[in-house]
Amino acid sequence: MGEIMSLTGKIALVTGGSRGIGRAICQRIGSLGAHVFINYVANPAAAEESKLLIENAGGRADILCFDVADGEQVQEAIKQIVTESGSLDILVNNAGITRDGLMARMKETDWDLVLDTNLKGAFLCAKAASRGMMKKKWGRIVNITSVIGYTGNAGQINYAAAKAGLVGLTKSMAREFASRNITVNGVAPGYIVTDMTSSLSEGIQEKIKAEVPLASLGTPEDVAGAVAYLLGEDGRYVTGQVLHVNGGMYM
Ligand code: NAP
């Protein structure tokens, strides 16, 4: 690992770091030397497993349970990180959920839950985290959006709206924070093998593969690599961008 990629001394928070893409991001930035705070909401055993994976690889990790959609919990958690560790340098807004259904049948509660978690959650975490970053005049924020925010998807109006919203949030935050040396970028995964996509039938998975020029689903590590690039020194002049990691399914 080149010195240039090092995140040594940085304090990072990854929301939804207990499973899937979030776990891979935690592992990657932990291996680059960051002290990783792993957030989860419902699955302590999975968060513990993420922590062990980082520690077994020689990294440093802590676990923080909070709901990203709850402003008070978010503020409290970020205050705790800054009090314990002195700062919060890196935020990865990764926590996300789906509540799929065609629009005609979609309940208002399913709309609210997905928008509150996937979009408002990123706003709340970024707002709380950016205070310290502005004072320190250094920060890195990465929002995990989705190819669905660009293409739309029948049965996912709530998810697509939240993910498209994250793109506007990313660009606007990038403009607000650039003068304080805080970069804000997005990563838009295509279809990645995680708990979120494991419920898709084999038939649907085959159909997806047929739409992907690289002819396979992606891995959480593929996404983690893109996040690491944006967080590291190599990405320092990149802000307000969305990096697509989708095997070419959307260009
Ligand atoms: P996943 O395996 O379902 O994991 C979701 C993570 O989010 C878990 O760690 C979960 O914590 C956490 N979470 C959910 N609601 C939360 C809340 N209210 N507060 C805090 N944490 C919460 O999902 P994934 O596939 O890794 O997806 C990660 C991100 O990538 C999401 O934003 C997703 O939309 C995006 N994405 C995924 C794909 C894909 O193909 N998988 C494609 C494009 C974009 P618990 O363990 O406690 O439940």
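Only a predicted model underlies this, so the values are computations on that prediction, with no experimental measurement involved. Whatever order the structure lists ligands and atoms in, that order sets their numbers, starting from 1.
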Within ligand 1, which atoms have a heavy atom of [X] less than 4.0 Å away?
X      : result
Thr117 : 15 (N), 18 (N)
Ala42  : 45 (P), 47 (O)
Asp195 : 2 (O)
Asn94  : 28 (C), 29 (C), 30 (O), 31 (C), 32 (O)
Thr197 : 39 (C), 40 (O), 41 (N)
Asp67  : 17 (C), 18 (N), 19 (N)
Tyr191 : 40 (O)
Phe66  : 19 (N), 20 (C)

Specify the protein heavy atom at minimum distance from [atom]: its residue, its atom name, and the distance to 0.1 Å.
atom                    : value
atom 5 (C) of ligand 1  : Gly96 O, 3.8 Å
atom 10 (C) of ligand 1 : Arg19 NH2, 3.7 Å
atom 7 (O) of ligand 1  : Gly16 CA, 3.5 Å
atom 14 (C) of ligand 1 : Ile97 CG2, 3.7 Å
atom 40 (O) of ligand 1 : Ile192 N, 2.8 Å
atom 11 (O) of ligand 1 : Ser18 OG, 3.4 Å
atom 44 (C) of ligand 1 : Thr145 O, 3.2 Å
atom 16 (C) of ligand 1 : Val41 CG1, 3.5 Å

Is there a side-chain contact between [X] and [Y] (heavy atoms, below 4.5 Å)?
X      : Y      : value
Leu200 : Ile208 : yes
Arg28  : Glu221 : yes
Val114 : Thr117 : no
Leu230 : Val187 : yes

[X] versus ligand 1: do any nitrogen or oxygen atoms come within less than 3.5 Å of each other?
X      : result
Tyr159 : yes
Ala69  : no
Ile21  : yes

message: Applying salt bridge (charged side-chain N to carboxylate O under 4.0 Å, His left out) as the test, list every pair that has at least one member in residues 203-216; sequence neighbours left out.
response: Glu206-Lys209
Between [X] and [Y], a side-chain donor and acceptor under 3.5 Å:
X      : Y      : result
Gln156 : Asp100 : yes
Lys136 : Ser87  : yes
Glu76  : Gln80  : no
Thr170 : Asn143 : yes
Thr109 : Asp112 : no

Within the side chain of [X], is there an N or O that forms a donor-acceptor pair under 3.5 Å with the backbone of [Y]?
X      : Y      : answer
Asp89  : Ile11  : yes
Arg23  : Ser18  : yes
Ser85  : Val82  : no
Asn246 : Tyr250 : yes

- prompt: Judged by non-hydrogen atoms, does Gly190 sit under 4.0 Å from ligand 1?
  reply: yes
Whether Lys163 lies under 4.0 Å from ligand 1, heavy atom: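 Contact present.
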query: Relative to ligand 1, is Ala46 under 4.0 angstrom through side chain, backbone, both or neither, heavy atoms considered?
result: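 It is neither part, as no heavy atom is under 4.0 Å.
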task: Have a look at ligand 1 and work out which part of Thr194, if any, has a heavy atom under 4.0 Å from it: side chain, backbone, both or neither.
output: side chain
